[in-house]
Amino acid sequence: MPKKFHVTGTCIPEKNYMVDVSERLDTIVKDYIEEGSYFTINRARQYGKTTMLYLLERRLKERYVVIRISFEAADELFVSLYALAAGLVRKISRILKMQQVEEVVIAGWSQPISREFPLDDLGDRITELCQNVGKDIILMIDEVDKNSDNQVFLSFLGLLRNKYLAQQQGADQTFKSVILAGVYDIKNLKLKLHPQEESKYNSPWNIAADFDIDMSFSRQDIASMLKEYEKDYRTGMDIPLISGLLYDYTAGYPYLVSRMCQLVDEKITGTSEFPNRSKAWSREGISAAEMVLRKESNTLFDDMVKKLTEYPKLREVIQNILFYGSSYPFNRENMLINLGLTFGFLKEESGTVVISNRIFETKMYDWFLADMAIDSDIYREASMEKNQFIISGMLQMKKVLEKFCDYFTEIYGSSEERFLEEQGRKLFLLFLKPIINGTGNYYIESRTRDQKRTDVIVDYKGHQFIIEMKIWRGNEYNRRGERQLFEYLDFYGQKTGYMLSFCFNKNKKTGVHEICLDGKKIVEAVV
């Protein structure tokens with residue numbers, strides 16, 4: 001059977017196209033496992049944690065007994081200390097049999113657990129197992145944070161910690177290394193035992209080594225996976241170009257990289273526009289896959305909406321970054337920033353926090369704008385008139401700006417300056433969205449976004465439109481912005497750019513005009 005791109009569950013090297021992570025595995029084994037470290041792999045959802053544990057298990061089995069379990073759907077373990085101890089004995093017993101541990105050792109491990117002192121008894125079993133099995137034992141627990149707000153779980157962490165410290169002092173024998181994987185960093189658990197109690201930070205896991213392995217995919221990583229695919233299908237794709245495009249969209253988020261590749265291979269290939277793999281593995285094919293991805297419902301996007309709904313203050317921070325160009329310093333001690341980093345929505349860039357990747361950013365824009373569109377007059381206007389903006393199959397951006405000026409002046413011209421300054425960029429995106437929806441897509445150029453300026457890049461059937469949206473700050477500032485946009489056109493290899501200026505000067509001259517310089521043109525709209 002040919003290999004496939006895979007996004008659900010564990011990736012298997014023999015069955016799935018995968019990034020080569022052998023160097024990362026070498027580093028984990030050398031710097032963590034062999035050093036006897038206890039550590040936590042906490043990364044966002046669908047970031048490759050489970051696959052990493054699986055590959056580590058394969059690598060380690062020759063030298064160690066590896067116990068890999070998951071706390072996914074294991075609520076019954078955390079009803080009581082006895083249930084946890086008895087359940088772990090049962091789970092681990094099955095694993096020991098699979099690893100061909102001697103029957104006599106398994107029999108000793110599998111004896112009934114004391115109901116009076118279950119955790120103490122479990123601790124003794126671990127010691128006896130480690131003494132008798134003949135190899136060092138590595139314990140891996142996936143989805144470890146599923147019951148992290150439970151006192152039974154904290155007691156279990158405390159047992160592992162105490163045995164680790166005793167082993168360091170030569171007073172006990174326990175697991176050589178313990179790896180806990182989950183979304184949250186359990187070194188800083190927020191515990192709430194009873195509804196009446198205020199939340200407290202409490203975790204006995206201060207023995208954990210810092211795990212600083214980068215699990216995102218670089219351009220080179222993505223290229224390694226595409227080379228494997230290319231050996232099988234010989235599409236003739238430009239691997240540096242395609243890997244670069246995938247990275248630009250995803251910033252190396254593992255699920256997003258694999259899903260886009262899967263969409264190109266299984267959904268884009270064979271369509272009328274991309275009848276074969278050679279056509280699909282192109283700039284246009286990647287753009288088409290990104291549009292399909294943004295429109296689909298999947299567990300990652302569902303979780304994003306859930307988290308932004310559950311944490312309204314985090315949602316406000318993200319909206320401020322997206323629509324107002326707000327800048328927040330990178331500070332993990334700030335609870336909201338730390339939440340955004342934990343969920344994978346934010347990342348650090350030059351000392352500030354930004355949205356972690358272009359797909360998340362555009363998906364968030366789509367979600368926020370969809371909510372606004374329900375009661376938006378300007379969205380309805382664009383929806384009803386959208387056909388006039390497409391001539392001979394191509395988007396007419398000058399016409400878009402002209403009509404936006406008309407509708408904006410008609411609907412919002414008498415609004416207060418503060419409202420217009422805060423909402424202007426949102427309103428243009430609301431106007432643009434139904435016009436390009438289904439055929440084109442857009443993203444915000446993060447390098448130029450601030451409180452005064454936002455650049456929108458629209459992709460429509462392989463053609464790019466560069467639109468600078470800015471708040472008018474006087475003639476000199478405006479001329480400086482025009483010069484910047486001319487330079488920006490060079491970067492994108494474009495001859496024509498577009499500028500939308502929100503001006504609050506009472507004597508302003510509204511409308512659309514053109515500026516030409518050195519063979520390039522800017523179509524500027526002032527509202």
Side-chain angles (χ1 to χ4, degrees), residues 1-25 46-52 54-55 58-59 214-301 357-359 362-363 438-441 443 459-464:
M1 290 290 291
K3 289 185 178 182
K4 295 280 189 181
F5 292 105
H6 187 66
V7 294
T8 54
T10 306
C11 287
I12 311 297
E14 293 77 21
K15 297 180 180 180
N16 308 124
Y17 292 112
M18 294 176 58
V19 161
D20 181 3
V21 295
S22 56
E23 288 189 10
R24 292 179 178 87
L25 294 173
Q46 294 180 287
Y47 217 87
K49 300 181 293 293
T50 299
T51 295
M52 183 67 78
Y54 167 72
L55 296 175
R58 284 176 48 146
R59 176 75 64 91
D214 185 1
M215 290 176 60
S216 65
F217 297 161
S218 67
R219 286 176 172 82
Q220 292 74 25
D221 290 331
I222 299 169
S224 74
M225 178 168 61
L226 295 180
K227 286 175 184 174
E228 189 180 0
Y229 179 88
E230 188 67 2
K231 285 179 184 176
D232 290 340
Y233 291 104
R234 303 187 184 280
T235 69
M237 78 169 81
D238 183 339
I239 290 178
L241 171 68
I242 300 302
S243 60
L245 289 171
L246 288 167
Y247 184 83
D248 288 343
Y249 277 116
T250 67
Y253 197 110
Y255 171 86
L256 297 176
V257 173
S258 296
R259 181 58 178 155
M260 284 191 69
C261 289
Q262 186 181 54
L263 287 171
V264 174
D265 184 53
E266 299 179 10
K267 301 291 185 182
I268 303 303
T269 298
T271 60
S272 58
E273 192 174 355
F274 305 99
N276 54 53
R277 287 187 168 90
S278 295
K279 294 284 188 183
W281 288 98
S282 61
R283 181 186 294 275
E284 294 76 18
I286 296 296
S287 178
E290 191 267 348
M291 277 201 291
V292 173
L293 175 57
R294 278 198 292 114
K295 290 177 182 177
E296 73 180 11
S297 176
N298 58 51
T299 54
L300 184 60
F301 293 158
N357 62 70
R358 190 184 296 171
I359 289 177
T362 310
K363 188 71 179 176
T439 304
N441 56 11
Y443 65 90
D459 283 319
Y460 195 92
K461 292 189 175 181
H463 188 84
Q464 285 189 318

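We count residues from 1, following the sequence as given. Values in this document were obtained by computation on a predicted structure and should not be read as measured data.
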Subject >> Nearest heavy-atom neighbours spanning Ala280 and Thr269 >> reply: CB-OG1, 3.2 Å
Listed partners of [X] passing side-chain hydrogen bond (donor to acceptor under 3.5 Å, both in side chains), at least two apart:
X	result
Tyr54	Arg58
Thr51	none
Thr362	none
Ser297	Asp302

With sequence neighbours excluded, give me every salt bridge (charged side-chain N to carboxylate O under 4.0 Å, His left out) pair touching [range].
range	result
residues 250-259	Arg259-Glu296
residues 264-276	Asp265-Arg277
residues 15-25	Arg24-Asp221

**OP:** Give the intermediate values and the outcome of side chain to side chain contact (heavy atoms under 4.5 Å, CB included) for residues Leu25 and Met52.
**Re:** CA-CA 8 Å; Leu25 294 173; Met52 183 67 78; 3.5 Å; yes
Which donor-acceptor pairs under 3.5 Å do the side chains of residues 1-8 make with protein atoms, sequence neighbours left out?
{"unit_1": "Lys3", "atom_1": "NZ", "unit_2": "Pro13", "atom_2": "O", "d": "3.0"}
{"unit_1": "Lys3", "atom_1": "NZ", "unit_2": "Glu228", "atom_2": "OE2", "d": "2.2"}
{"unit_1": "His6", "atom_1": "NE2", "unit_2": "Thr8", "atom_2": "O", "d": "2.3"}
{"unit_1": "His6", "atom_1": "NE2", "unit_2": "Thr10", "atom_2": "O", "d": "3.4"}

Original post:
What residues form a side chain to side chain contact (heavy atoms under 4.5 Å, CB included) with Lys295, not counting sequence neighbours?
Top reply: none
Could you state the interatomic distance from [atom1] ([X]) to [atom2] ([Y]), rounded to the nearest 0.5 Å?
X	Y	atom1	atom2	result
Leu263	Met291	CG	CE	12.0 Å
Ile286	Ile242	CD1	CD1	4.5 Å
Leu246	Ile239	CG	CD1	11.5 Å
Gln46	Asn298	CD	CG	6.5 Å

Original post:
Residues in ring-ring contact (aromatic ring centres under 6.0 Å, His included) with Phe217, at least two apart?
Top reply: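 In terms of ring-ring contact (aromatic ring centres under 6.0 Å, His included), with neighbours along the sequence ignored, Phe217 is linked to no residue.
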**OP:** Please check if the side chain of Glu284 supplies one atom and the backbone of Lys461 the other of a donor-acceptor pair under 3.5 Å.
**Re:**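 No; zero donor-acceptor contacts below 3.5 Å.
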Original post:
Run the side chain to side chain contact (heavy atoms under 4.5 Å, CB included) check on Glu290 and Asp459 step by step: do they pass?
Top reply: CA-CA 11 Å; Glu290 191 267 348; Asp459 283 319; over 6 Å; no
Is there a side-chain contact between [X] and [Y], using heavy atoms and a 4.5 Å cut-off?
X	Y	value
Tyr47	Ser216	yes
Leu55	Met18	yes
Cys261	Leu226	yes

Original post:
With sequence neighbours left out, which residue pairs that include part of residues 237-258 fulfil the side-chain hydrogen bond (donor to acceptor under 3.5 Å, both in side chains) condition?
Top reply: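 Listed once each, the pairs are Arg219-Asp248.
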**OP:** Can you tell me which residue pairs pass the ring-ring contact (aromatic ring centres under 6.0 Å, His included) test with a partner in residues 264-295, sequence neighbours excluded?
**Re:**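 Found Tyr229-Trp281.
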